[in-house]
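Just so you know, these numbers use all the heavy atoms, side chains as well, and skip hydrogens, waters and symmetry mates.
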Amino acid sequence: MEKREIRKRLFDQIKNGQHVIGVAAGSGLTGKYAQKGGADFLLSLTSGRFRQMGVSSSAGYLPIANSNENVMDFAVKELLPLSHKIPVIFGLMANDPTIDLKNYISVLKQKGFSGINNFPTVGLIDGKFREALEEQDISYAKEVEAISIANSLGLFTVAFVFNEEQAVQMVEAGADVICVHFGFTKGGMLGPKHVRSLQSAKALAVDIFEKSEKINPEIIKMIYGGPVTKPADVQFMYNGTDIHGYIGGSVFERIPSEQTILQVTKSFKQTDEVQYEQFAQFMKDGFTTKQDYIDFIKKYIRLHYAENITLQELAEYLGLSRSYVSILFKTEVGISFRDYLIDYRMNLAIDILKNKNLPLTTVAEMVGYPDYAQFSKLFKKKMGISPKEYVKRNKTTKM
């Protein structure tokens with residue numbers, strides 16, 4: 001896919017108020033369904049391949065495989081043949097001493113890759129190891145050079161940056177996308193335990209993009225990794241900014257795979273619960289039992305809690321009357337749909353307040369209450385104290 005066509009597609013979406021989504025895929029399976037789900041481009045990264053092996057993304061930084069050979073092998077066999085409608089971007093280890101950078105990037109173009117991305121990146125390394133690498137001319141500057149070469153060859157370029165200085169270098173090199181990388185994605189079994197907060201990530205992104213736009217007002221602005229793991233997190237990053245989109249790796253393939261495989265395996269182990277049979281029936285034939293409808297409603301709430309959810313909307317989606325769904329839910333669950341939704345949102349808000357230092361109005365929006373007064377009233381009804389008082393007591397307890 002030509003660079004001009006890719007840029008036109010993405011800018012058309014942005015003009016129409018839609019966000020751009022990139023998926024770092026480590027297998028043809030991920031690539032296939034990410035494309036069906038509406039992904040705008042795929043990144044073929046060595047860490048993605050390691051994720052498919054059940055290993056942390058950080059394995060892409062260990063000397064256990066040649067990064068470029070690894071990516072070339074699976075991307076040519078699994079991603080390029082399946083991705084006829086969206087571009088595939090090659091995660092290039094620009095500091096590979098065994099390649100001539102310009103010749104190698106030319107080969108990538110001939111193979112059918114639409115562009116490159118600077119991964120693995122020296123930007124994720126710091127301290128004495130970073131100093132030692134740079135002494136040997138293994139540096140971020142080499143990644144900037146790769147983006148510049150790819151740009152001159154007419155390839156689409158996605159640049160991971162970690163600070164304002166790097167962003168300026170990448171914009172001047174001709175990068176089409178500046179993507180602020182917040183570090184490896186948290187969550188799941190293999191994710192890092194310590195990441196920056198959403199609030200600090202947002203502040204960093206805003207500063208970087210402001211600097212980038214001064215050089216190129218048409219730069220595409222995206223974010224990746226770190227604390228941004230759920231649709232609500234992404235929405236928080238979008239609110240009040242002009243960020244154009246999100247790139248995800250673990251959130252699209254590692255974390256969902258961990259959860260699904262774990263639950264399905266448990267279902268086979270505990271056959272008396274017939275969890276797998278229900279799941280399989282759900283996927284193949286639709287809803288056949290009352291529990292199927294309840295499971296769907298609960299799953300819908302988990303995915304859309306930050307949005308305006310109504311029982312009428314769900315009933316129409318299921319092809320049932322609102323009154324029937326209302327009675328069915330209360331009979332099967334023990335509480336009304338409204339009370340269940342409020343409890344789910346309040347419990348999520350409590351978890352956020354315990355672990356993140358965010359403005360209360362922001363927390364309210366994140367869990368589906370743009371009207372803070374309504375959020376505060378419901379919170380106080382559940383907890384007996386206001387959100388403000390809860391935060392104050394929680395801080396005192398930690399001290």
So which atom in [X] and which in [Y] form the shortest heavy-atom distance, rounded to 0.1 Å?
X      : Y      : answer
Ala24  : Arg51  : O-NH2, 3.1 Å
Ser212 : Ile178 : OG-CG2, 4.1 Å
Ile220 : His244 : CA-ND1, 3.6 Å
Ala167 : Ile208 : CB-CG2, 3.6 Å
Ser44  : Phe113 : OG-CE2, 4.0 Å
Val325 : Ala315 : CG2-CB, 3.9 Å

CA sep, side-chain torsions, deciding dist, call: Asn151, Lys3, side chain to side chain donor-acceptor pair (under 3.5 Å): CA-CA 9 Å; Asn151 179 53; Lys3 176 173 180 170; 2.5 Å; yes

Salt bridge check: are [X] and [Y] linked by an N-O gap of less than 4.0 Å?
X      : Y      : answer
Asp73  : Lys77  : yes
Glu164 : Lys214 : no
Lys221 : Asp242 : yes
Glu145 : Lys142 : yes

How long is the gap from [atom1] on [X] to [atom2] on [Y], to the nearest 0.5 Å?
X      : Y      : atom1 : atom2 : result
Glu69  : Thr46  : CD    : OG1   : 11.0 Å
Ile352 : Leu360 : CD1   : CG    : 11.5 Å
Leu124 : Phe160 : CG    : CZ    : 8.5 Å
Leu311 : Arg338 : CG    : CZ    : 12.0 Å
Thr30  : Leu42  : OG1   : CG    : 9.5 Å
Asp176 : Phe156 : CG    : CZ    : 5.0 Å

[X] side chain to [Y] main-chain N or O, any donor-acceptor pair under 3.5 Å?
X      : Y      : value
Asn95  : Glu143 : no
Ser152 : Ile149 : yes
Thr331 : Ile327 : yes
Asn163 : Glu165 : yes

Within 6.0 angstrom of Lys211 NZ, more than 12 heavy atoms from elsewhere: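 No, not enclosed.
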
Over 12 foreign heavy atoms within 6.0 Å of CD, Glu2: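 Not buried by this count: 12 neighbours or fewer within 6.0 Å.
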
Among Leu92, Leu43, Leu45, side-chain contact (heavy atoms from CB on, under 4.5 Å) partner for Phe119: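 When Leu92, Leu43, Leu45 are each tested with Phe119, the side-chain contact (heavy atoms from CB on, under 4.5 Å) holds only for Leu45.
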
side-chain contact (heavy atoms from CB on, under 4.5 Å) partner of Ile247, the single match among Val180, Val158, Ile223: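 Testing Ile247 for a side-chain contact (heavy atoms from CB on, under 4.5 Å) against Val180, Val158, Ile223 leaves exactly one candidate, Val158.
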
Partner of His181 by ring-ring contact (aromatic ring centres under 6.0 Å, His included), out of Tyr224, Tyr140, Tyr246: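 Single ring-ring contact (aromatic ring centres under 6.0 Å, His included) partner of His181 among Tyr224, Tyr140, Tyr246: Tyr224.
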
Taking [Y] as the starting point, is it possible to reach [X] by hopping between hydrophobic residues whose side chains are less than 4.5 Å apart?
X      : Y      : answer
Val107 : Met93  : no
Ile309 : Tyr324 : yes
Val20  : Phe11  : yes
Leu348 : Val333 : yes

Residues that, via side-chain heavy atoms closer than 4.5 angstrom, fall in one hydrophobic cluster with Leu29: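 Joined to Leu29, directly or through intermediates: Tyr33.
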
Side-chain touch Ile219/Phe209, heavy atoms, less than 4.5 angstrom: no

Side chain to side chain, Phe162 and Asp126, heavy atoms closer than 4.5 Å: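 No, too far: nothing below the 4.5 Å cut-off.
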
Centroid separation Tyr369 to Tyr305 less than 6.0 Å: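 No: the rings miss the under 6.0 Å criterion.
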
Pair Asn239-Lys202, side-chain contact (heavy atoms from CB on, under 4.5 Å): steps then yes or no: CA-CA 10 Å; Asn239 289 344; Lys202 186 173 185 177; 4.1 Å; yes

